[in-house]
Amino acid sequence: MRFTKRKKDKDSFEPILSPSQWPVVQLSKNRKEFIDSVTEEGVSRLKSIKTNKFKLIEELETTLFREKARIKKNPWKVDPEDEGSFWSGIKVRLINITTNTNSEEDSEDKILADIVRRYAEEIAGNFKQNHYRMAREIVKFGFARLLNAARIKRFGDFFRNKYTLKDKIVIKGYTEEVRELATKGTVVLVPTHFSNLDSILIGWIIHILGLPPVIYGAGLNLFNTKILAYFMNSLGAYKVDRRKKNLIYIETLKAYSSMALQKGAHSLFFPGGTRSRSGKIEKELKLGLLNSTIDAQRIIYSKNIDNKIFIVPVVINYHFVLEAPLLINQYLKRKGQERFYEETDEYSSSYKMIMFLMKFFTKGSDISVSIGKPMDVLGNSVNENGESLDNQNRVIDTRDYFLSANHVSANKQREEVYTRMLSKAIVEEFHRSNQVFASHMVAYVAFRIWRKKFNNLDLYSFLRLNEEDLLIPQKKFKKGMKKLRKVLFALETEQKLSIAPHVKQKMNDVIKHGIDNVGMYHAKRPLLMTKEGDIITKDLNTLYFYHNRLEGYELEKYI
Amino acid sequence: MSLKNTSDRVVGVIGAGSFGSAIANILSAKSKVLIYTRDEEKAEVIRTTKESKGHVFNDNVAPTTDLEYLANTCEIIFPIVASSGFRDMMQNLSPFLHPYHILIHGTKGLDYKMPFADNVDFSFSRENVHTMSEVIKDESVVVRVGCLAGPNLAREMADEQPAATVVASHFDEVIKVGQQLLRNNRFQVYGNNDLIGIELAGVLKNIIAIASGALSGLGLGENAKGLLISRGMVEMIYLGEALGGNMKAFVGLAGIGDLVATCNSPLSRNFSVGFRLAKGETLDQILGSMEEVAEGINTVKIAKKLAEFHNVKAPITQTLYKVLYENLTVEEGLAYLMKYPFNVDIAFI
């Protein structure tokens with residue numbers, strides 16, 4: 001049965017489907033069959049890439065070599081214990097089939113299928129409906145406690161529900177449309193990624209919007225932490241291991257995601273791949289995962305299934321990102337030609353995770369989530385009936401993009417170009433939906449003023465300047481802020497971005513709000529105001545991080 | 001011509017000018033061709049005489065004046081109309097197009113939006129200027145877009161002399177389809193993925209073609225032409241890279257190949273514009289007596305503005321601009337260029 005769309009109150013939505021109808025429930029009920037079909041699909045993809053026996057065996061050997069190296073050099077807690085023995089087994093089998101060519105029991109195809117199946121098992125989520133409900137309640141309860149605890153004035157406040165998550169997080173944008181589309185097809189949410197908190201936040205938002213739980217790829221490292229692993233599993237996460245960069249793993253992952261989409265499982269990808277190290281809104285998206293949406297859509301059309309995939313960009317705006325100092329340092333190191341970089345895991349213990357959440361909730365700072373305009377897999381905007389529209393608002397049949405001489409045809413190169421088109425459309429929508437906060441503005445203006453003063457230095461030398469020598473007089477700073485705000489308003493009229501309401505206050509209030517909030521809980525604050533009202537910094541690197549949020553709008557022409 | 005290879009597929013050509021007719025003729029060796037012209041009378045002439053602009057058609061070619069019919073009949077369409085009318089044409093065609101259509105254009109010009117119609121003194125950036133493939137994507141839902149470029153003097157093609165072309169597209173399938181449809185014993189077809197680069201090569205070479213005609217008109221010899229072609233090439237590459245093309249596109253058939261062909265040929269319209277300028281005619285006189293557009297005239301205007309915006313040194317373009325629009329004589333222009341302080345021959349490889 002379909003629940004009515006009427007809202008309970010202004011902030012929350014009725015669920016659009018009953019739990020038994022949730023695609024993710026269907027998927028987990030038939031987990032075994034699903035893994036079978038992923039394995040089959042993965043093997044057939046790989047065999048279409050490695051077209052003969054020789055190439056396939058070579059690929060298997062490369063994979064074996066890389067996996068052995070990974071196990072030795074970069075083991076994680078979450079890795080299964082039998083990993084060593086599994087790959088040793090593969091090694092023996094590979095030697096057998098290459099030396100003993102007429103062995104009938106084993107073959108490269110069988111070895112491939114076993115590896116793909118192992119990967120598929122590892123990737124597959126473990127969604128349980130009652131765990132989901134439980135986890136959701138814990139998140140709600142826990143968040144509410146933390147929120148209220150943060151503002152305790154007297155004993156007893158701890159159990160009051162004066163503040164809820166909804167006070168802290170504003171959701172805006174195309175919420176109704178997305179709810180509508182989720183009943184008409186498969187929704188794929190593609191959010192920006194700045195913080196590890198994003199995954200949990202999105203899970204909560206999906207619930208608030210009344211959408212059925214989505215499946216999403218979460219970094220395997222997050223499963224190292226027991227608490228997080230529980231939430232992740234419960235909220236429909238499947239595991240993506242960034243250490244495994246081999247072809248077999250990547251194709252299995254694509255097969256998994258494509259099959260899930262075909263089965264109508266609403267999904268979520270962080271299309272930037274990992275958290276934005278620089279603090280910039282993602283410009284380069286991971287094309288592999290985006291490609292799987294196009295791939296799935298084409299297969300849906302070729303099988304004449306009634307299902308359309310809708311891509312929904314989501315932008316999450318924070319005043320602060322807890323990991324900012326770490327992220328920006330990693331970014332600078334990487335840019336600084338440090339070529340061999342290993343994925344590290346800064347949330348290795350539950351303790352650190354809890355500290356992170358405590359900090360997040362006890363520091364009263366706001367988050368806004370903008371739901372972008374839904375699009376089809378080609379990046380065309382979609383109306384609430386699920387119809388794709390061209391820029392003159394004429395209806396387009398998305399199926400036509402896959403036709404060649406009247407037939408739906410698979411064409412890898414064509415879909416690669418389509419993937420780039422989709423990526424571009426998502427990036428544009430990210431920039432449009434981005435909500436400018438006062439904290440982004442103060443960081444931008446301060447950074448630009450100092451950067452311009454030392455424009456003879458390269459970025460690295462600039463960032464090594466002694467923070468104590470840097471000061472912007474109050475007047476000059478205010479002037480810069482006014483100029484920036486004017487430009488931002490103009491951009492908002494052109495619908496190139498959106499501006500948080502608090503930015504529209506009196507300039508002195510905007511500046512105060514911005515300085516108070518920008519990276520407010522870092523040990524070294526990116527910006528502070530002296531008693532005289534001048535602007536100083538304690539950490540240029542994090543200031544650079546927060547400044548980057550407004551990169552990509554060509555604001556440097558003005559400030 | 002044999003009809004053995006004819007498939008059921010009908011291919012569309014929009015524009016029955018000399019190049020459009022030449023392409024229709026090549027296509028008709030293998031496919032049924034529907035050629036569109038706005039002009040009812042012209043369609044009637046093609047229907048009865050089987051001839052257009054000196055190209056004699058076989059029975060596979062049929063004229064039409066109905067864009068909707070053409071779009072419904074043809075999955076693959078070659079729009080070949082002057083750049084000045086290209087956007088209008090696309091706006092008329094667009095309601096009948098679908099994402100399954102493949103469009104391969106053959107127009108070597110640029111589209112631009114000028115704020116004031118008669119004011120040459122406007123400034124703009126790359127954003128206001130579009131190649132024809134960008135116009136197609138702007139105005140329609142078609143994404144599988146390609147272009148034709150290369151030394152394709154329509155007159156020589158009508159005489160069935162050997163020639164070659166480049167089909168450029170981001171899509172391999174578009175290149176493949178172009179090759180299948182166009183290739184024959186006298187027409188070689190190459191592919192290239194740098195759509196914008198190939199378009200720009202074809203567009204920008206028209207500037208140098210005008211300059212080359214001017215040198216001929218002054219009665220100058222081969223040394224001067226060698227100088228012009230090589231310096232012109234450098235200028236095309238700088239401009240092309242600033243506008244989003246890749247250098248490689250310019251050293252191939254669509255760049256140097258086309259440049260050499262047009263710079264030596266009185267058959268080229270752009271060449272003859274330069275030639276007549278050198279002989280003392282004014283731009284208005286020349287324009288008044290030309291049957292079809294010389295794209296280079298417009299391109300000089302746009303390229304000059306773009307060069308200024310992108311801070312690219314483009315002395316040939318800038319000098320031609322002065323000759324065309326600011327009453328500089330060809331001799332004065334040449335004298336200026338000979339004094340221009342070039343010091344490095346090639347600085348981009």
Side-chain angles (χ1 to χ4, degrees), chain A residues 287 290-291 294 297-298 300-302 308-309 375-383 387-425 428 431 490-491 494 496 552-554 556-557, chain B residues 7-11 31-32 68 71-77 87 90-103 125-127 130 133-146 167-178 180-181 191-196 244 309:
Chain A
L287 300 181
L290 290 181
N291 186 270
I294 292 170
Q297 182 69 79
R298 190 233 317 130
I300 286 167
Y301 284 133
S302 71
K308 186 165 174 176
I309 296 173
M375 47 181 82
D376 66 11
V377 292
L378 269 298
N380 296 304
S381 65
V382 163
N383 64 16
E387 293 166 328
S388 301
L389 302 175
D390 73 2
N391 50 17
Q392 323 245 2
N393 280 328
R394 292 179 294 221
V395 173
I396 317 170
D397 187 350
T398 308
R399 189 170 181 269
D400 287 346
Y401 286 97
F402 300 96
L403 292 187
S404 181
N406 261 326
H407 291 286
V408 174
S409 66
N411 181 323
K412 202 163 166 271
Q413 197 271 340
R414 178 202 295 157
E415 287 172 20
E416 280 167 13
V417 183
Y418 286 177
T419 309
R420 287 200 290 275
M421 288 165 53
L422 174 61
S423 165
K424 201 172 151 233
E428 277 171 17
H431 283 83
L491 286 172
E494 290 173 47
K496 287 187 174 161
Y553 295 99
E554 299 186 345
E556 60 278 7
K557 282 196 285 198
Chain B
S7 61
D8 293 338
R9 179 149 71 178
V10 184
V11 182
S31 321
K32 289 201 161 65
E68 181 172 6
N72 288 339
T73 316
C74 310
E75 200 182 311
I76 300 151
I77 300 171
R87 191 177 282 276
M90 277 310 298
Q91 281 166 352
N92 294 332
L93 179 64
S94 177
F96 316 118
L97 291 174
H98 300 278
Y100 58 74
H101 277 107
I102 290 178
L103 261 61
S125 65
R126 177 69 173 86
E127 269 176 53
H130 306 274
S133 72
E134 289 167 342
V135 175
I136 293 172
K137 285 187 244 179
D138 234 24
E139 296 292 344
S140 75
V141 293
V142 176
V143 286
R144 285 175 259 179
V145 177
V167 178
S169 174
H170 300 309
F171 293 89
D172 290 350
E173 62 180 312
V174 175
I175 294 172
K176 209 169 136 198
V177 111
Q180 280 167 357
L181 293 173
N192 193 311
N193 280 116
D194 182 9
L195 175 58
I196 300 296
F309 181 83

What part of [X] gets within 4.5 angstrom of chain B, counting heavy atoms only: side chain, backbone, both, or neither?
X      : value
A:E416 : neither
A:S404 : both
A:D397 : backbone
A:I396 : side chain

Problem set entry | Results of side chain to side chain donor-acceptor pair (under 3.5 Å) for A:T419 - residues two or more places apart only |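 With neighbours one apart ignored, the set is A:N291.
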Exercise. What option among A:M421, A:R414, A:R420 has the most heavy-atom pairs under 4.5 Å with chain B?
Worked result: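 Sorted descending by pairs with chain B, the first entry is A:R414.
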Exercise. Under 4.0 Å between a Lys/Arg side-chain N and an Asp/Glu carboxylate O for B:E139 and B:R87?
Worked result: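 Yes, charged N to carboxylate O under 4.0 Å.
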For this session: Look at the aromatic rings of A:F402 and A:Y301 and report parallel, tilted or perpendicular, splitting at 30° and 60°.
Result: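 Correct class here is tilted.
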Exercise. Given that the side chain runs from C-beta out, which part of B:V141 has a heavy atom under 4.5 Å from chain A: side chain, backbone, both or neither?
Worked result: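 For B:V141, backbone and side chain are both near chain A.
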Exercise. Mind checking whether B:I77 and B:H101 have side chains closer than 4.5 Å, heavy atoms only?
Worked result: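 B:I77 reaches B:H101 side chain to side chain.
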For this session: Report yes or no: do A:R298 and A:S409 form a side-chain donor-acceptor pair below 3.5 Å?
Result: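 Distance-only check fails for A:R298 and A:S409.
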